[in-house]
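Letters A, B, ... are given to chains in the order of the sequence lines, protein chains preceding strands, and every chain is numbered from 1. These numbers come from a predicted model, not from an experiment.
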Number of protein chains: 2
Amino acid sequence: MIKHEQAIETLRLKGHRLTPQRLIVLSIIASSDGHMGVDEVFQAAKKTYPYMDIATVYRTLHLFKDLGVVTEVAIGDRLHFELTDLDGHHHHMVCRACNGAFNLSPHYLAEFRDTLNKEFGFEPDLEHFAVTGICIDCQRSEFESKEKQK
Amino acid sequence: MIKHEQAIETLRLKGHRLTPQRLIVLSIIASSDGHMGVDEVFQAAKKTYPYMDIATVYRTLHLFKDLGVVTEVAIGDRLHFELTDLDGHHHHMVCRACNGAFNLSPHYLAEFRDTLNKEFGFEPDLEHFAVTGICIDCQRSEFESKEKQK
DNA sequence: CATGTTATTGCAATCAATTGCGATTACTAA
DNA sequence: TTAGTAATCGCAATTGATTGCAATAACATG
């Protein structure tokens, strides 16, 4: 739970107020190990703080994102958030069939970034990169269901 | 304007109806050389067909997208569409500062796709890939404005 | 050319996300 | 400890995008 304390310190240092709403959202995100949908966070927050508003959840998550405390990931067409993992920073592969998210080590993108930089002088935002596609399991079941139709 | 005719033929062959709304949206997209925002298309369409509804524009663009007639690109946080360029298929680099879009040849992504395939069996959706970042011009002006502050 | 079927449209409702604004409250500084 | 003030919140309205549904119209068929 060091992350938790660090995040609070970050908030304070940058001059942001430590409101109960923020602390609740933070502890919810921190206590989950994977990424959470916005509504998931909202529902959980309402349990300990019934007045919680969905707009506050969005604003809080965006603040945390700007501070680097949480990371935004697009799963399907919804936004999800997870506590930023400074040690094991990673990207995501999201399966469009089962919506499963798989971690992707940053080194798979390093070369791509270098190329864009050298060839075009373009600095891509790849900090929180996510690519959609079809995972190996869903490829298999897709194949099987096609076989069945014959 | 061969593209235009081809697109109409595609619609007909797949059993879709040639409604005035579809023909209007198609001709608008075809007559623009870059990508257009949805509202841009909508406003233009209303001029020749005042009853045009925004929902129809969305449905039409999505149909065209599924048929491969147009390509969807996320510019900023809005959806844009352009006529699919079969010969010069390309991806996009979008600058988050000036919202400018730069074309990116597909071969820059070929290796990345191969790696994901071999390592994880993951088949990424890279047909209409767009990466945000900062273009070379905006990097320069960002640098200059920081210098000025000193 | 007339008719029936069914895709498509227009409208209104809805959804996820964002924003304007007056009320509230966390923090600062006396 | 107590005010003062600016950040933050809750609420309601708004935005971009999608969807359900009844009315309409494109197309196939006779």
Just the rounded figure in Å: distance from [atom2] of [N] to [atom1] of [X].
X        : N       : atom1 : atom2 : value
Asp39(B) : dG16(D) : CG    : P     : 7 Å
Leu63(A) : dC9(D)  : CG    : C1'   : 13 Å
Lys65(B) : dA17(D) : NZ    : C1'   : 12 Å
Asp66(B) : dT8(C)  : CG    : P     : 12 Å
Leu61(B) : dA17(D) : CG    : P     : 10 Å
Ile24(A) : dT8(D)  : CD1   : P     : 16 Å
Leu23(B) : dT8(C)  : CG    : P     : 12 Å

N/O contacts under 3.5 Å, protein versus nucleotides 18-22 of chain D?
{"unit_1": "dT18(D)", "atom_1": "OP2", "unit_2": "His62(B)", "atom_2": "NE2", "d": "3.4"}
{"unit_1": "dG20(D)", "atom_1": "O6", "unit_2": "Arg59(B)", "atom_2": "NH1", "d": "3.3"}

Which residue, Arg22(A) or Pro20(B), contacts DNA chain D at a nucleotide closer to its 5' end, judged by nearest heavy atom?
Arg22(A)
Answer yes or no: does atom CD of Glu111(A) have more than 12 heavy-atom neighbours from other residues, nucleotides or ligands under 6.0 Å?
no
Sub-6.0 Å ring centroid separation between Phe112(A) and Phe129(A):
no
Please tell me if Gln21(A) has a side-chain N or O lying less than 4.0 Å from either OP1 or OP2 of dG10(D).
yes
Answer yes or no: is there a side-chain heavy-atom contact under 4.5 Å between [X] and [Y]?
X        : Y        : value
Phe64(B) : Arg22(B) : yes
Val38(A) : Ile54(A) : yes
Ile29(A) : Leu61(A) : yes

Do the ring planes of Tyr58(A) and His62(A) sit parallel (below 30°), tilted (30 to 60°) or perpendicular (above 60°)?
tilted
Looking only at the side chains, is there a donor atom on one of Tyr108(A) and Glu119(B) sitting less than 3.5 Å from an acceptor on the other?
yes
Identify each atom pair where a protein N or O and an N or O of nucleotides 27-29 of chain C are less than 3.5 Å apart, giving names and distance.
{"unit_1": "dC27(C)", "atom_1": "OP1", "unit_2": "Leu18(A)", "atom_2": "N", "d": "2.7"}

Grab the two heavy atoms, one from Cys135(B) and one from Phe102(B), that are nearest each other, plus how far apart they are.
CB-CE1, 3.6 Å
Suppose we screen for side chain to side chain donor-acceptor pair (under 3.5 Å). Which residues come up paired with Arg113(B), at least two apart in sequence or across chains?
Glu123(B), Glu127(B)
Under 4.0 Å between any heavy atoms, over every strand shown, what does Phe42(A) touch: base, sugar-phosphate, or nothing? Just pick one.
nothing
